There are 2 protein chains.
Amino acid sequence: MAGSRLTPSRPCRKMVAPIPSPFPSRSDPLPMDVTEKAQTAARGRRIRRENVERILKAAELVFAEAGCAGATMADIADKAGLPKANLHYYFGTKEDLYRAVLDNILRLWLDPLAGLDASADPATALTAYIRAKMDASRLRPNASKVFANEILHGASQIGEFLAEDLRRLVDRKAAVIEQWISEGRMAPVDPRQFFFMIWSMTQHYADFEVQVRTVLGRKKLTRDDFAHFTAEVVRMVLRAGGLAPPDDPVSCTGGVPGES
Amino acid sequence: MAGSRLTPSRPCRKMVAPIPSPFPSRSDPLPMDVTEKAQTAARGRRIRRENVERILKAAELVFAEAGCAGATMADIADKAGLPKANLHYYFGTKEDLYRAVLDNILRLWLDPLAGLDASADPATALTAYIRAKMDASRLRPNASKVFANEILHGASQIGEFLAEDLRRLVDRKAAVIEQWISEGRMAPVDPRQFFFMIWSMTQHYADFEVQVRTVLGRKKLTRDDFAHFTAEVVRMVLRAGGLAPPDDPVSCTGGVPGES
DNA sequence: GTCTATAGGTAGATAGAC
DNA sequence: GTCTATCTACCTATAGAC
């Protein structure tokens, strides 16, 4: 025990405990005996689920806006419309709540990448991946911001996720890129730098939204703005991977399954 | 007065005051009369300058690691090797210190971009710009992180900088890109999205350094790592701008003035 | 399960000796 | 100009009534 300042009540500076596991899945059988007790219990579970949802949603917003250290339980409670004590009742400590928010986000992060398949057409598969990432930036900007903030400040909570889950997945997907390159279907690139390019470009529109908006002179970014950004990102990334001629007209603006 | 929680002592959440001006330039003539008084004054000024430097350096580190809200004056004072009260003596409040750190960083940000010139060769000019940005990520990662953190959480301090200085500069430099495109020296791109690509890719190596390092399985990123990253970023960006054939060997690994 | 009231601890800021 | 000691405010967390 060295530091005296790194006490448990300074949660978001140098926390050590990693995220242990995905959310406790609540798959109780719901017996539905018609006793009063069972009805009360069922209602209780519904209330619990709704409250947990509201708290997580409010927490994601506040953590995104203020960072982990800057967020306060009182703020989150206000945004969730609940008394502060209830947050502690459901989540224990602020760190626990922060980890629960992060845990939700990690799934968002891995899923789109997991879809990359070597048997697919490179341009089509990469276009779909970029679209999924841009949709995430448009629809869940706060999730992206919380994730960015966590990495920016050392990833003390998700270090293990990065070193284990993400690294393994990237190893597998880098092999996909390498296969495409060796088959002559893509220009030579360092696969991991190629992924860094896609991640940084797509997440930029969520994490640096203020800068994007201000430089473009917009008050708010619309769905059309994002459609344009997405088309440009797709175009530039495909060119960078040797998958589109330098002078093509804007390609791949058409729909992709799952995007409305 | 609506909010009771947004008091002046919650500095890094919803501060309003923007950065007013660049640092007060200390261009006193230094009279050097050989009186005891003048000698004492000269020594005092030197000590002041040195202390200010040490505090700014320590503050940049702590703000980068912990974010604005998570940083504490006690931490900064420890890292600077000075008592906490001295920080307040030199900088007044924590916000003032934070703004001083940011102010230093904004110059780093504008200077490389300002060098982009329409009369230059596009590939050469863009390569130099990317190298300058990658050097900044390698040599001043904490500056990049403080900047990223400020944008991420709403840019309450540098909103005016973004809307005025940066926006004007980007307008001018977007015209350079457009001119290159209209002259057929570059593939068609949205110039501003093109800049967003360069910014996000290059700053990624500072801001997301932990993730880069972990995904690559490295304990520390070396100068050679950065040389490789830079070569890849240059290659991908040039291709994205239609400035390099898809199957070129790695280009532009040679030296550029100012890079050691 | 819900919520008010409060304990306990930390951090920003300053008074005042040197 | 420097630095110790301290004041004040805020924030996390919990006790305990309902």
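Letters A, B, ... are given to chains in the order of the sequence lines, protein chains preceding strands, and every chain is numbered from 1. Since we're looking at a predicted model, the values are computed, not measured.
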From [options], nucleotide with atom closest to [X] side chain:
X	options	answer
R48(B)	dG1(D), dA15(D), dT12(D)	dG1(D)
P83(A)	dA13(D), dC3(C), dG1(D)	dC3(C)
K94(B)	dG1(D), dC3(D), dG12(C)	dG12(C)
T72(B)	dG12(C), dA13(C), dT4(D)	dG12(C)
N86(A)	dG1(C), dT2(C), dG1(D)	dT2(C)
A85(B)	dT2(C), dT14(D), dT4(D)	dT4(D)

Starting from [atom2] on [N], measure out to [atom1] on [X] and report it in whole angstrom.
X	N	atom1	atom2	result
Y89(B)	dG1(D)	OH	P	3 Å
E95(A)	dC11(D)	CD	C1'	13 Å
Y98(B)	dG12(C)	OH	P	14 Å
K84(A)	dC11(D)	NZ	P	8 Å
E50(A)	dT2(C)	CD	C1'	15 Å
L87(A)	dT2(C)	CG	C1'	13 Å
M73(A)	dC11(D)	CE	P	13 Å
F91(A)	dA13(D)	CZ	C1'	16 Å

Side-chain N or O of [X] versus OP1/OP2 of [N]: is the shortest distance under 4.0 Å?
X	N	result
N51(A)	dG1(C)	no
H88(B)	dT14(C)	no
Y90(A)	dT2(C)	yes

Task: Interatomic distance, R131(A) atom CZ to T230(A) atom OG1 [nearest 0.5 angstrom] - done: 6.5 Å
Task: Point-to-point distance, once rounded to the nearest 0.5 Å, from CH2 of W199(B) to CD1 of I130(B) - done: 13.5 Å
Open item on the list: Taking T72(A)'s backbone N and O only, do any of them form a donor-acceptor pair with K94(A)'s side chain (distance below 3.5 Å, no angle check)?
Closed with: no
Task: Side-chain donor/acceptor of H153(A) to backbone N/O of N149(A), under 3.5 Å - done: yes
Task: Validation row: F147(A), Q211(B) side chains within 4.5 angstrom (heavy atoms) - done: yes
